[in-house]
Amino acid sequence: MLTQTPICDFGKKAIPFKLKSTEGKIISLEELKGENGTLVMFICNHCPYVKAITKDIVDDCNELKKIGINSVAISSNDPTNYPEDSFENMIKFAKKNNFSFPYLIDETQETAKAYDAVCTPDFFGYNKDLELQYRGRSRELKNLIPIRDGKSDLYKAMKKIAETSNGPKIQIPSAGCSIKWKFD
């Protein structure tokens, strides 16, 4: 069994942001905060790791909403060098995959940097007080195919956070593509 030392900085407060959604609204972290927790996900449209688990993410977020956890996805990739991650394509990606949560663009990449996000997908699970409790994967992948043997690691961790305000002590880091940073 694979176990890793968590990269979760337990208790670190979520960093406020205001970003534009694919629906054209400016949305803040405060508006998104869930009664029992908040899931902040850094994703993008083109990453094969994200594509492999998009259905899982959508299903998990729909289930988490029922237990008072709100979710948000943020794309911070450089759309100039990665046009598939453009705002227009974010709109299409959110619609195609039936996102029930806001999908925000981090045009300056300041939000990704503030969160120390490194890859897509990168998950940050917060308790009701916006204290970090989970920084792990969605679920196991083998050759980019999700292993669906019950609820995902992400769902189980966020459910524990909703119930106890604490995340699991052992967390397996997310695997994915690096965030595509802008270089001037």
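This one's a predicted model, so the numbers in the text were calculated from it and none came from an experiment.
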Is Lys92 salt-bridged to Glu88, going by a charged N under 4.0 Å from an acidic O?
no

Quiz prompt | Path from Leu64 to Ile57 over hydrophobic side-chain contacts below 4.5 Å | solution = yes

Item to complete: Indicate yes or no for a side-chain donor-acceptor contact from Asp78 to the backbone of Lys182 under 3.5 Å, with no hydrogens or angles considered.
Response: no

Hey, does Asp9 have a side-chain heavy atom less than 4.5 Å from the side chain of Arg135? no

Checklist line | NZ (Lys95) with more than 12 external heavy atoms under 6.0 Å | finding: no

(message) Same cluster or not: Phe87 versus Ile27, using hydrophobic residues (I, L, V, M, F, W, Y) connected whenever any side-chain heavy atoms lie under 4.5 Å apart?
(response) no

Kindly say whether Ser28 contributes a backbone atom to a donor-acceptor pair with the side chain of Glu31 at under 3.5 angstrom? yes

I'd like to know whether CD of Glu163 has more than 12 heavy-atom contacts from other residues, nucleotides or ligands below 6.0 angstrom.
yes

Heavy-atom closest pair (Ala52 atom, Leu141 atom, distance to 0.1 Å) is CB-CD2, 4.3 Å

ask   = Is Gln133 reaching over with its side chain to a backbone N or O of Gly167, donor-acceptor style, under 3.5 angstrom?
value = yes

inquiry  = Donor-acceptor pair, distance only, cut-off 3.5 Å: does the side chain of Asp153 make one with the backbone of Ser138?
reply    = no

Kindly say whether Pro83 contributes a backbone atom to a donor-acceptor pair with the side chain of Asn89 at under 3.5 angstrom?
yes

- May I ask you to decide whether Glu63 forms a salt bridge with Lys66, counting only side-chain N to carboxylate O separations under 4.0 Å? yes

Determine whether a donor-acceptor pair (N or O, by modelled atom type, separation under 3.5 Å) exists between the side chain of Gln171 and the backbone of Pro168. yes

Between Leu39 and Cys61, is there a side-chain heavy-atom distance shorter than 4.5 Å?
yes

Between Met90 and Leu104, the two heavy atoms sitting closest are CE-O, 3.3 Å

* Distance under 6.0 Å and angle within 45° of the ring axis: does Lys151 meet both against Tyr155? -> yes

* **Flag, side chain of Arg137 to backbone of Leu154, donor-acceptor distance under 3.5 Å** => no

Residues Asn77 and Gln109: closest non-hydrogen pair is C-NE2, 4.0 Å

Residues Ser75 and Tyr103: closest non-hydrogen pair is CB-OH, 3.7 Å

Point to revise | Joint hydrophobic cluster, Val50 plus Leu19, side-chain heavy atoms closer than 4.5 Å | key: no

Legend entry - Lys180 side chain to Ser178 backbone, donor-acceptor under 3.5 Å: yes

May I ask you to check whether Asn70 and Lys65 show a side-chain donor-acceptor distance below 3.5 Å?
yes

- Message: Is the distance between the ring centroids of Tyr115 and Phe42 under 6.0 Å?
- Response: yes

### Query
For the residue pair Phe124 and Tyr126, does the interplanar ring angle fall in the parallel (under 30°), tilted (30 to 60°) or perpendicular (over 60°) class?
parallel

Between Phe101 and Ala73, the two heavy atoms sitting closest are CE1-CB, 3.7 Å

Worksheet item: Would you say Lys142's side chain and Ile147's backbone share a donor-acceptor pair under 3.5 angstrom?
Response: no

Please answer whether the main-chain N or O of Asp129 pairs with a side-chain N or O of Asn127 as donor and acceptor at a distance below 3.5 Å.
yes

Lys/Arg-Asp/Glu bridge criterion (N-O < 4.0 Å) met for Glu84, Lys51
yes

Legend entry - Charged N-O contact under 4.0 Å between Arg139 and Asp56: yes

Leu130 and Leu29 have their tightest heavy-atom pair at CD1-CD2, 4.1 Å

Give a yes-or-no answer on whether the side chains of Asp60 and Ser152 include a donor-acceptor pair shorter than 3.5 Å. yes

Assigning hydrophobic clusters by single linkage (Ile, Leu, Val, Met, Phe, Trp, Tyr; side-chain heavy-atom cutoff under 4.5 Å), is Ile53 placed with Val40? no

* Please examine the side chains of Glu131 and Lys12, heavy atoms only from C-beta on, and report whether any two atoms are closer than 4.5 Å. => no

